[in-house]
Protein chains: 2
Amino acid sequence: MPLVREPVGSAAATELSAAFKALGDPVRLRLLSLIASRDGGEACVCELTDSFDLSAPTISHHLRVLREAGLVGSERRGTWVHYRAEPTLLRRLSELLAVPAAGSVA
Amino acid sequence: MPLVREPVGSAAATELSAAFKALGDPVRLRLLSLIASRDGGEACVCELTDSFDLSAPTISHHLRVLREAGLVGSERRGTWVHYRAEPTLLRRLSELLAVPAAGSVA
DNA sequence: CGCTAGATTAGACGGATGTCGAATCAAGAC
DNA sequence: GTCTTGATTCGACATCCGTCTAATCTAGCG
């Protein structure tokens, strides 16, 4: 499973690189962290916008990219929309990049 | 350190997202995996080119992106250039994406 | 030296990306 | 219904990105 164990196949690379691509923007990385680090792993969009010097449409665009990459999910509750992190994909990416300790056995 | 523990700062996000951006292409992800999964963690460029249906300059371009992101290093030995993975940055990214188990204590 | 093989650089091209303002949609208050 | 607030969608713009061919550089061989 880790990248260092065996070569990532073409299909898997396409799928996984899409997730990394979504993480490849400082605003999106901070957005994901803001969402994931909150108690309950959820955040309202209104709480996220204030952390950036960007327009609301731009934040909305970045959240959509994160959602389409499968890194977050969203749910509307009344007036506000809440985003939550998806731990499954995060763990998968984390394992992919993991580097076994120098002397670790197979 | 993990993304879910506390919000990633602006400066750290800029630095880390640059690495994820480099991983955000299927060719580069496979290249890194091909390099890292080889015995000794090294690979010659000539061995990498054959795995793709791309021109040599394109492979060279992707290797440069990986190098400038700090994910690989390169060294010329005679006629051939060898690339090796950088485990330190890989581990840092892996830890960043790690999601503690549900019942884990702080 | 010239020649060949491996690798990078330079320049060009089409397509994707990040940002914005304006318009639109959704839900509630009055 | 109208108005207000939160959030998204639309359309535009400048910039960046992946790919190619052609040219260049590096190292060895004769």
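Bear in mind the structure is a predicted one, so any value in this text is a computation, not a measurement. Naming: A, B, ... by sequence-line order, numbering from 1 per chain.
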Check whether any side-chain heavy atom of Leu3(A) lies under 4.5 Å from a side-chain heavy atom of Ser37(B), and answer yes or no. no
With sugar-phosphate taken as primed atoms, P, OP1 and OP2 and all else as base, the protein-contact string of nucleotides 11-17 of chain D at under 4.0 Å (heavy atoms; B, S, -) is ------S
Whole Å only: how far is the CG atom of Leu63(A) from the P atom of dG6(D)? 16 Å
Does Arg91(B) have more than 12 heavy atoms from other residues, nucleotides or ligands lying within 6.0 Å of its CZ? yes
Rounded off to whole Å, could you give me the CH2-to-P distance for the Trp80(B) and dG6(C) pair? 8 Å
Measure the distance from CG on Leu54(B) to P on dT19(D) and round it to the nearest whole Å. 5 Å
Just the rounded figure in Å: distance from P of dC20(D) to NE2 of His62(B). 8 Å
Taking Gly24(B)'s backbone N and O only, do any of them form a donor-acceptor pair with Ser17(A)'s side chain (distance below 3.5 Å, no angle check)? no
Rounded to the Å, how far apart are Arg64(B) CZ and dG18(D) P? 13 Å
Closer than 4.0 angstrom, basic N to acidic O: yes or no for Glu47(B) and Arg38(B)? yes
For Tyr83(A), report the nucleic acid contact type (base, sugar-phosphate, nothing); a contact means any heavy atom under 4.0 Å. sugar-phosphate
Check this one for me: any side-chain N or O of Thr58(A) less than 4.0 Å away from OP1 or OP2 of dC20(C)? yes
How about Leu93(B) and Leu93(A): do any of their side-chain heavy atoms sit closer than 4.5 Å? no
Enumerate all atom pairs, one protein N or O and one N or O from nucleotides 25-30 of chain D, separated by less than 3.5 Å.
none

Taking the basic N atoms (NZ, or NE/NH1/NH2) and the acidic carboxylate oxygens, is any pair closer than 4.0 Å for Glu86(B) and Arg67(B)? no
Are any of the side-chain heavy atoms of Phe20(A) and Leu29(B) separated by less than 4.5 Å? yes
For the side chain of Pro57(A), counting heavy atoms from C-beta on, which of dC20(D), dT9(C), dA22(C) is nearest? dA22(C)
Quick one: label Ile59(B) by what it contacts on the DNA or RNA (base, sugar-phosphate, nothing), any heavy atom closer than 4.0 Å. nothing
For a 4.5 angstrom cut-off between non-hydrogen side-chain atoms, does Leu48(A) reach Leu63(A)? yes
Give me the residues of residues 31-50 of chain B where at least one heavy atom lies under 4.0 Å from an atom of DNA chain D, by number, or none. none
Identify whether the distance between the nearest side-chain nitrogen and carboxylate oxygen of Glu95(A) and Arg5(A) falls below 4.0 Å. no
Short side-chain to backbone donor-acceptor contact, Thr49(B) and Ile59(B), under 3.5 Å: no
Is the closest side-chain heavy-atom distance between Leu32(A) and Leu90(A) below 4.5 Å? yes
